[in-house]
Amino acid sequence: VQSLLTAANLFDIKSIKDACCRYMEWQMDDANSIGIYCFSDTHDCGELKKIAHKYILDKFSKVFIKILNW
């Protein structure tokens, strides 16, 4: 999905980019929320970035524990 989103962003295909962002939102969990946040920031996905940021803040202790266990 990340590769598809990158291509959709490059070619300015909003419908595919939005679908990829929704999919990433649905797949977000404690282990990948920071990665999704960084990816969304890099690829100008403002809404996904906000959602990932809120997820990280709301579940900070669980996200932090996942980072420590890597």
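Atom set for the values below is all heavy atoms of this structure, side chains included, hydrogens, waters and symmetry mates excluded.
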Point to revise | Under the ring pair (Phe, Tyr, Trp, His ring centres under 6.0 Å) test, residues paired with Phe64 that sit two or more places apart | key: Phe60
Exercise for review: Using the test side-chain hydrogen bond (donor to acceptor under 3.5 Å, both in side chains), find all partners of Lys50 that sit at least two apart in sequence or belong to another chain.
Suggested key: none
Exercise for review: Check whether any side-chain heavy atom of Lys17 lies under 4.5 Å from a side-chain heavy atom of Asp44, and answer yes or no.
Suggested key: yes
Revision key, fill the gap. In short, His43 meets Asn9 closest at the heavy-atom pair O-ND2, 3.3 Å
Check your understanding: Can you name the closest pair of heavy atoms from Leu5 and Cys21 and give their distance?
Key -> CD1-SG, 3.6 Å
Review point. Which pair of non-hydrogen atoms, one from Lys54 and one from Asp58, has the smallest distance, and what is that distance?
Key: NZ-OD2, 2.6 Å
Practice item. Could you identify which residues cluster with Leu10, counting Ile, Leu, Val, Met, Phe, Trp and Tyr as linked when any side-chain heavy atoms lie under 4.5 Å apart, either directly or through a chain of such contacts? Key: Leu4, Phe11, Ile13, Ile16
Distance-only donor-acceptor pairs under 3.5 Å for side chains of residues 22-29, two or more places apart:
unit_1	atom_1	unit_2	atom_2	d
Asp29	OD1	Ala31	N	2.9
Asp29	OD1	Asn32	N	2.9

Check your understanding: How many angstroms lie between atom CD1 of Ile51 and atom CD1 of Ile56, to the nearest 0.5 angstrom?
Key -> 12.0 Å
Practice item. May I ask whether Tyr37 and Ile65 are part of the same hydrophobic cluster, defined by side-chain heavy atoms of I, L, V, M, F, W, Y residues being less than 4.5 angstrom apart, directly or through others? Key: no
Revision key, fill the gap. Residues passing the ring pair (Phe, Tyr, Trp, His ring centres under 6.0 Å) test with Tyr55, sequence neighbours excluded, are none
Check your understanding: Who are the salt bridge (Lys or Arg N to Asp or Glu O under 4.0 Å) partners of Lys66, not counting sequence neighbours?
Key -> none
Exercise for review: Verify the cluster assignment for Ile67 and Leu57: are they in a single hydrophobic cluster under the rule of side-chain heavy atoms below 4.5 Å apart?
Suggested key: no
**Study point:** Point-to-point distance, once rounded to the nearest 0.5 Å, from NE2 of His53 to CD1 of Ile34
**Key:** 10.5 Å
